[in-house]
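Okay, structure first, notes after.
It should be emphasised that the depicted structure is a prediction, and the values quoted were computed from it without experimental measurement.
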Amino acid sequence: AAIKQAGMTPVDFASGKWQMADDYAAKLEASGSPDAPQARAHANEMLRLFQEVQRRAAPPEPAPAAPEPTRRAAASPQQQLPGAPKTHRAVEHAVEKAAEWADRQGAEKAVEAVRTQKAQTRPAAKNKFEQLKFDVDDARAALEEFDKAHDKEAVASSPELQRQRAALEKLKWEYIDKWDDSKLEVPDRENDILSETRAEIEAARAAGDADRAAKAEERAENIRKVSDELTEMFRAMLPHKNDIHKIGESAKEKLPGWEYSAREGMKGRERAFDKTVDENNFATKDLKDLSGGTLTFPAKTNEVDGYVSGAVAVAQSLPPGAKILRIKAPTKAAGETLQRVLPDANIQVDEKNGYRDLKLNVQYENGAIAEMIVISDWMSTAKKQGHHAYEIARALAKYSNPRARETWELVDAYMTHIYDQTVVDSPEARSASERLRADASSSLKGLLGDAKNLGLSSADIDTLAKYLPGLQTSKHP
């Protein structure tokens with residue numbers, strides 16, 4: 001109604017939006033701005049919307065087959081679509097429309113092929129949230145298969161392969177966006193856990209156990225509160241979920257030889273819920289990584305210099321309204337140096353069992369908090385090797401019975417060896433590391449054989465069984 005009141009047609013309006021977005025993206029691309037990829041993605045989305053409005057207003061005749069132009073063509077009356085603006089961009093995309101849609105169909109078929117293959121070993125999705133996660137996994141797998149089949153040089157020299165890959169990339173992000181949107185809803189799993197806790201309340205009351213009933217009531221209230229707060233936290237993060245990536249890419253430009261990587265989309269809600277309930281004692285305020293990225297510096301870089309350089313680059317790359325909420329330094333030396341360089345920053349020192357990275361929490365103007373990690377490439381490799389041990393230690397840390405504690409201590413000691421770079425140059429230390437790994441694996445295997453009698457939860461038993469094979473085959477970097 002507003003468009004009509006302004007004397008415009010929907011096609012004119014959509015065309016104008018697209019052209020503005022396209023011009024802005026071209027301007028950023030020409031200047032080499034780090035914001036250019038997002039601007040181009042926005043322009044492509046405006047193009048898609050324009051084409052959809054155009055299709056609804058006056059379905060075009062099938063476009064003639066034509067090779068992709070190497071540059072934008074000049075407009076000609078014969079190539080104009082009904083209602084299309086008479087610009088060179090409209091002509092180019094009118095010619096390419098059939099190929100573009102074919103690429104989209106190809107991307108969907110590729111994902112469907114992956115889905116069909118995985119269905120042979122993967123159980124059916126239990127609910128819509130799990131199905132959305134499966135869609136994301138399948139789209140990522142389809143893109144990985146494409147990259148295995150076509151090396152970068154082949155893609156760079158083939159406009160057709162570029163379009164096909166772009167279609168797969170776009171489809172993947174559509175699935176990620178749908179999955180992220182779903183995180184604003186309370187999933188069945190959280191409701192089921194709350195229902196189980198309420199059933200425990202009734203059972204305790206029926207048995208006349210007032211203390212047990214009171215504890216269950218407190219847990220039920222905490223679970224309900226966590227679910228509500230997580231929904232609001234995901235809602236706040238949604239408009240900022242990609243901002244940490246802009247910060248990371250901008251910081252990387254200031255740091256030659258560094259790499260930037262990131263989780264695609266927001267943190268999984270199931271993991272966020274479990275972490276808050278099991279590890280953070282129901283405190284959602286401790287959950288500061290719904291969105292996150294990692295800056296990696298070369299191993300030859302002095303560690304303190306790497307942490308400081310990364311922190312400064314991030315501080316210099318913040319968008320308007322954002323601030324560094326907190327920095328967790330891995331060593332006292334790094335913390336003291338950072339305090340001198342960034343005197344206004346809230347800096348804490350968090351020394352662990354040999355593992356070292358720097359964590360910066362970025363807070364946006366609406367209160368949403370993201371996390372940037374700064375780490376050496378050697379420690380990043382060690383982190384991957386130690387992932388199985390880390391998950392096992394995390395599952396066992398809450399138990400106090402002697403056998404679980406003994407296994408935890410062995411796994412924790414092995415992690416300390418994995419994160420110690422000096423072990424690389426010492427045959428004796430490497431042998432000691434291998435013995436620790438074998439002892440930890442053997443202890444865990446025995447623990448699993450009697451896990452239920454020792455009071456381990458079924459969820460923790462599943463976790464331990466899942467990561468035991470990885471622990472048995474892990475090696476020092």
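- Under the 4.0 Å criterion applied to side-chain N and carboxylate O atoms, Glu145 and Lys148 are assigned as salt-bridge partners.
- Remark: of the listed residues Lys170, Arg165, Arg163, Arg163 is the sole one forming a salt bridge (charged side-chain N to carboxylate O under 4.0 Å, His left out) with Asp103.
- Asp460 and Ser457 share a side-chain donor-acceptor pair at under 3.5 Å.
- Side-chain N/O atoms of Lys178 and Ser182 include no donor and acceptor closer than 3.5 Å.
- With respect to the salt-bridge test (charged N to carboxylate O, under 4.0 angstrom), the residues Arg224 and Glu229 do not qualify.
- Ion pair Lys332/Glu351 not flagged as a salt bridge, since none of the NZ, NE, NH1 or NH2 atoms sits closer than 4.0 Å to an Asp/Glu carboxylate oxygen.
- Note on Glu264 versus Arg140: salt bridge recorded, some NZ/NE/NH1/NH2 to OD/OE distance being below 4.0 Å.
- Under 3.5 Å, the side chains of Tyr355 and Asp357 contain a donor-acceptor pair of N or O atoms.
- Seen from the ring of Phe134, Arg122 counts as a face-on cation partner, given the 6.0 Å and 45° thresholds.
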* Steps toward side chain to side chain donor-acceptor pair (under 3.5 Å) verdict (Lys246, Gln38) -> CA-CA 9 Å; Lys246 299 179 190 175; Gln38 184 177 14; 2.6 Å; yes
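- Thr231 and Arg269 form a side-chain donor-acceptor contact under 3.5 Å, judged by distance and modelled atom types alone.
- Remark: Phe297 engages Trp258, Tyr307 in a ring pair (Phe, Tyr, Trp, His ring centres under 6.0 Å) (not counting sequence neighbours).
- Remark: Glu174 engages Arg104 in a salt bridge, criterion side-chain N to carboxylate O under 4.0 Å.
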* Ser474 and Tyr414: side chain to side chain donor-acceptor pair (under 3.5 Å), yes or no, with the steps? -> CA-CA 10 Å; Ser474 64; Tyr414 175 57; 2.8 Å; yes
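- Counting only N and O atoms by type, the side chains of Thr296 and Glu259 include no donor and acceptor under 3.5 Å apart.
- Rounded to the nearest 0.5 angstrom, Met266 CE and Ser291 OG are separated by 8.5 Å.
- We find the CZ-OH distance between Arg394 and Tyr467 to be 7.5 Å, quoted to the nearest 0.5 Å.
- No more than 12 heavy atoms of other residues, nucleotides or ligands shown are found within 6.0 angstrom of NZ on Lys126.
- To the nearest 0.5 angstrom, Glu434 atom CD is 11.0 Å from Asp439 atom CG.
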* **salt bridge (charged side-chain N to carboxylate O under 4.0 Å, His left out) assessment of Lys133 paired with Asp137** => CA-CA 6 Å; Lys133 177 63 168 63; Asp137 291 343; 2.9 Å; yes
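- Here the straight-line distance linking atom CD of Glu406 with atom CG of Leu447 works out to 9.5 Å at 0.5 Å rounding.
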Can you give each donor-acceptor pair under 3.5 Å made by side-chain atoms of residues 333-350, sequence neighbours left out, with the distance rounded to 0.1 Å?
| from | atom 1 | to | atom 2 | distance (Å) |
| --- | --- | --- | --- | --- |
| Thr337 | OG1 | Ala333 | O | 2.9 |
| Gln339 | NE2 | Pro343 | O | 3.3 |
| Gln339 | NE2 | Ala345 | O | 3.3 |

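- Under 4.0 Å is where a charged nitrogen must lie from a carboxylate oxygen, and between Asp211 and Lys215 no such pair does.
- Shown here is Gln131, whose CD atom has more than 12 heavy atoms of other residues, nucleotides or ligands within 6.0 Å.
- Looking at Asn191 and Asp188, their side chains never bring a donor and an acceptor atom within 3.5 Å of each other.
- A salt bridge links Lys275 with Asp289: at least one charged nitrogen is closer than 4.0 Å to a carboxylate oxygen.
- Taken from OH in Tyr260 to NE2 in His245, the straight-line distance is 5.0 Å, to the nearest 0.5 Å.
- With respect to the salt-bridge test (charged N to carboxylate O, under 4.0 angstrom), the residues Glu45 and Arg48 qualify.
- Heavy atoms of other residues, nucleotides or ligands lying less than 6.0 angstrom from NZ of Lys118 number more than 12.
- Ionic pairing of Lys183 and Asp180 is present here: one or more N-O contacts between side-chain nitrogen and carboxylate oxygen are shorter than 4.0 angstrom.
- A donor and an acceptor atom, one from each side chain of Lys445 and Ser441, are nowhere located under 3.5 Å apart.
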